Colleague: 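Can you read through this structure? Questions will come right after.
In what follows, every chain begins at residue 1, and chains take the letters A, B, ... in the order their sequences are listed. What you are looking at is a predicted structure, and each value in this text was computed from that prediction instead of being measured.
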There are 2 protein chains.
Amino acid sequence: MAITRTRIQEKNRSAILEAGLDVFSQYGFRGTTLDQIADTAGLSKPNLLSYFPSKEAIHTELLETLLQAWLDPLHALDDTGDPIGEILDYVKRKLDMSRDYPRESRLFANEILQGGPRIADNLNGELKALVDEKAEVIRGWIAAGKVAPVDPYHLIFSIWALTQHYADFDVQVRAVLGGADPFPGAQEYLTQVFTALLRL
Amino acid sequence: MAITRTRIQEKNRSAILEAGLDVFSQYGFRGTTLDQIADTAGLSKPNLLSYFPSKEAIHTELLETLLQAWLDPLHALDDTGDPIGEILDYVKRKLDMSRDYPRESRLFANEILQGGPRIADNLNGELKALVDEKAEVIRGWIAAGKVAPVDPYHLIFSIWALTQHYADFDVQVRAVLGGADPFPGAQEYLTQVFTALLRL
DNA sequence: GTGTGATTTGACCAACTGGTCAAAGCTACG
DNA sequence: CGTAGCTTTGACCAGTTGGTCAAATCACAC
């Protein structure tokens, strides 16, 4: 079912998704209006609705794209690699995502804050399965005496929390730092944290 | 300007604030309706509006109360105490707040996600000043050779991120853990993290 | 019980919301 | 140049939103 699309359709669709990401990530699903998205995308509302059947459809498409990108870095955690190096690489990938795709991070945060009604299945299914799998990998490393014994689930939560914080709470972080770019310092600090934690 | 209030006024005001906290913390300012708050509080909308002049006023009052409670645990960080113990105590206080006041945490998260338009002054003023002050305390501990050298700002960010995550992303955390209470494990894990990081 | 002020609400309003539709404008190809 | 079909929009609709108001109800001191 390959849908053929004209250049204009391609351009408008991505303009709408881009605009939707902008607005949904700030105001959440209920706080966002179609007029806001249409204005941001530079289209009229009826025109926008000729590309997506509803507000819900735009949001759903954004969330689906996001969830894939969200799990990718964790998929890449390789049980045959150097344990501490693998974990530090995962931290780095997630921090880079917070720097380069902060709106996606905020879209996810907004959805979770609202109780995750639209992604509950994914959380309880794909996400949980993947985390269970990787937690097992980390447990293996601990059993093999390659990293210090820590709860693998809370280890993963802490990586999420520490990296996403720089995207989700960007305004607060920059206020405290007087506007300076937090990411170089964050990279160094997080390396230090996880090295100290996992080193034997 | 001490306002005298009848018992009914006292009860209704707090019912409204309670309901507002419930709804605002889930849907954010724009995503929340007065009808939702009124229903949750068990009042009619006109009655609700006889206690607060507008939706904005309820939100503002909640945010002001919140910001005070937010800064309190950091205020308590004592430069004359045992450094690592002081920091671990701060972590514990913040984690307890995430467990006992998750809605407040989410209200704050929602406001920051939206760019913090209603609390920008506080972030750049009171909050920044307090963090600057406590960062100086931590720097002193590092200079005195009492804790390992770490960036004090990122240390504070990491405490916020790691503790608030358990309130803000509660749905995700519980999905991954299959519904189990995350807080006992979190307490232990966070102690381990900050001990490993700060110990010389 | 009665009156007074506190409390509550039904009915209402203008602005906004998500969404529809028919008509208009535009573009590429013969 | 014409026209078929892609693209766009003005006008519209019903439901919701934040907020108002006068009238009704209630609680309680006398």
Side-chain angles (χ1 to χ4, degrees), chain A residues 1-64 107 110-111 114 117-118, chain B residues 1-64 107 110-111 114 117-118:
Chain A
M1 53 176 288
I3 318 126
T4 53
R5 280 198 266 263
T6 67
R7 256 154 284 132
I8 290 179
Q9 282 171 338
E10 212 62 69
K11 189 191 61 160
N12 281 347
R13 268 187 67 90
S14 67
I16 291 167
L17 290 172
E18 183 71 10
L21 182 56
D22 247 44
V23 186
F24 281 132
S25 68
Q26 238 191 90
Y27 298 108
F29 182 75
R30 297 209 28 193
T32 293
T33 71
L34 282 177
D35 285 310
Q36 272 179 292
I37 300 177
D39 283 356
T40 307
L43 299 172
S44 67
K45 188 165 55 172
N47 197 11
L48 182 153
L49 283 166
S50 74
Y51 289 94
F52 289 88
S54 67
K55 177 179 165 182
E56 179 94 38
I58 304 172
H59 193 253
T60 300
E61 172 130 355
L62 283 170
L63 268 188
E64 276 167 11
L107 180 69
N110 247 312
E111 181 64 16
Q114 282 168 40
R118 282 166 268 267
Chain B
M1 50 175 290
I3 317 124
T4 53
R5 280 199 265 263
T6 68
R7 257 156 284 129
I8 291 180
Q9 283 171 336
E10 214 61 69
K11 188 190 58 152
N12 281 347
R13 268 187 65 90
S14 66
I16 292 168
L17 291 172
E18 184 71 12
L21 183 55
D22 246 43
V23 185
F24 281 132
S25 68
Q26 238 191 90
Y27 297 108
F29 183 74
R30 298 213 24 199
T32 293
T33 71
L34 281 177
D35 285 309
Q36 271 180 295
I37 300 177
D39 283 357
T40 307
L43 299 173
S44 66
K45 188 164 57 171
N47 197 12
L48 182 152
L49 284 166
S50 76
Y51 289 93
F52 289 87
S54 67
K55 176 179 165 182
E56 179 93 38
I58 304 171
H59 193 254
T60 300
E61 173 131 355
L62 284 169
L63 268 187
E64 274 166 15
L107 180 69
N110 247 312
E111 180 64 15
Q114 281 166 42
R118 283 166 267 268

Colleague: What is the distance, to the nearest angstrom, from the CD1 atom on I8(B) to the P atom on dA27(D)?
Modeller: 7 Å
Colleague: Please round to the nearest 0.5 Å and tell me the distance separating atom NZ of K11(A) and atom CD1 of I16(A).
Modeller: 11.0 Å
Colleague: Can you give me the bend angle of the helix from dG1(C)-dC30(D) to dG30(C)-dC1(D)? Use the axis through the first five pairs and the one through the last five, nearest 10 degrees.
Modeller: 0°
Colleague: Is there a side-chain polar atom (N or O) of Y51(B) under 4.0 Å from OP1 or OP2 of dT7(C)?
Modeller: no
Colleague: Quick check for you: to the nearest 0.5 Å, what is the distance between E18(A) atom CD and N12(A) atom CG?
Modeller: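 Spacing of CD (E18(A)) from CG (N12(A)) equals 13.0 Å.
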Colleague: Stepwise, does the side chain to side chain contact (heavy atoms under 4.5 Å, CB included) test hold for K55(A) with F24(A)?
Modeller: CA-CA 10 Å; K55(A) 177 179 165 182; F24(A) 281 132; 4.0 Å; yes
Colleague: Can you tell me how far apart CG (D22(B)) and CG (L107(B)) are? Round to the nearest 0.5 Å.
Modeller: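 Spacing of CG (D22(B)) from CG (L107(B)) equals 11.0 Å.
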Colleague: What's the spacing between Q36(B) CD and Y27(B) OH if we round to 0.5 Å?
Modeller: 6.0 Å
Colleague: In Å and rounded to the nearest 0.5 Å, what is the CG to NZ distance from D35(A) to K45(A)?
Modeller: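 Output value for this atom pair is 4.0 Å.
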Colleague: May I have the distance from F52(B) (atom CZ) to dG18(D) (atom C1'), rounded to whole angstrom?
Modeller: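 From F52(B) CZ to dG18(D) C1': 16 Å.
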Colleague: Closer than 4.0 Å, any side-chain N/O of Q9(B) to the OP1 or OP2 of dA6(C)?
Modeller: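 False: Q9(B) side-chain N/O out of range (4.0 Å or more) of dA6(C) OP1/OP2.
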Colleague: Are there any protein N/O atoms within less than 3.5 Å of an N/O atom in nucleotides 16-22 of chain C, and if so, which ones and at what distance?
Modeller:
from	atom 1	to	atom 2	distance (Å)
dG18(C)	OP1	T32(A)	O	3.1
dG18(C)	OP1	L34(A)	N	3.4
dG18(C)	OP1	K55(A)	NZ	3.0
dG18(C)	OP2	L34(A)	N	2.7
dG18(C)	N7	K45(A)	NZ	2.9
dG19(C)	OP2	K55(A)	N	2.9

Colleague: Is a side-chain N or O of E111(B) found less than 3.5 angstrom from the main chain of R118(B), in a donor-acceptor match?
Modeller: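 Yes, because the side chain of E111(B) sits within donor-acceptor range (under 3.5 Å) of the backbone of R118(B).
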Colleague: Nearest-Å distance, NE2 (H59(B)) to C1' (dG18(D))?
Modeller: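 Going from NE2 in H59(B) over to C1' in dG18(D) covers 15 Å.
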Colleague: Hey, what do you get for CG (N110(B)) to OG1 (T32(B)), rounding to the nearest 0.5 Å?
Modeller: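 Between N110(B) CG and T32(B) OG1, I get 8.0 Å after rounding to 0.5 Å.
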Colleague: Look at N47(B) and dG10(C) and indicate whether a side-chain polar atom (N or O) is within less than 4.0 Å of OP1 or OP2.
Modeller: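 For N47(B), the contact criterion (side-chain N or O under 4.0 Å from OP1 or OP2 of dG10(C)) is not met.
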Colleague: Kindly say if N12(B) contacts the phosphate of dT8(C), meaning a side-chain N or O under 4.0 Å from OP1 or OP2.
Modeller: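 Checking N12(B) against dT8(C): at least one side-chain N or O falls below 4.0 Å of OP1 or OP2.
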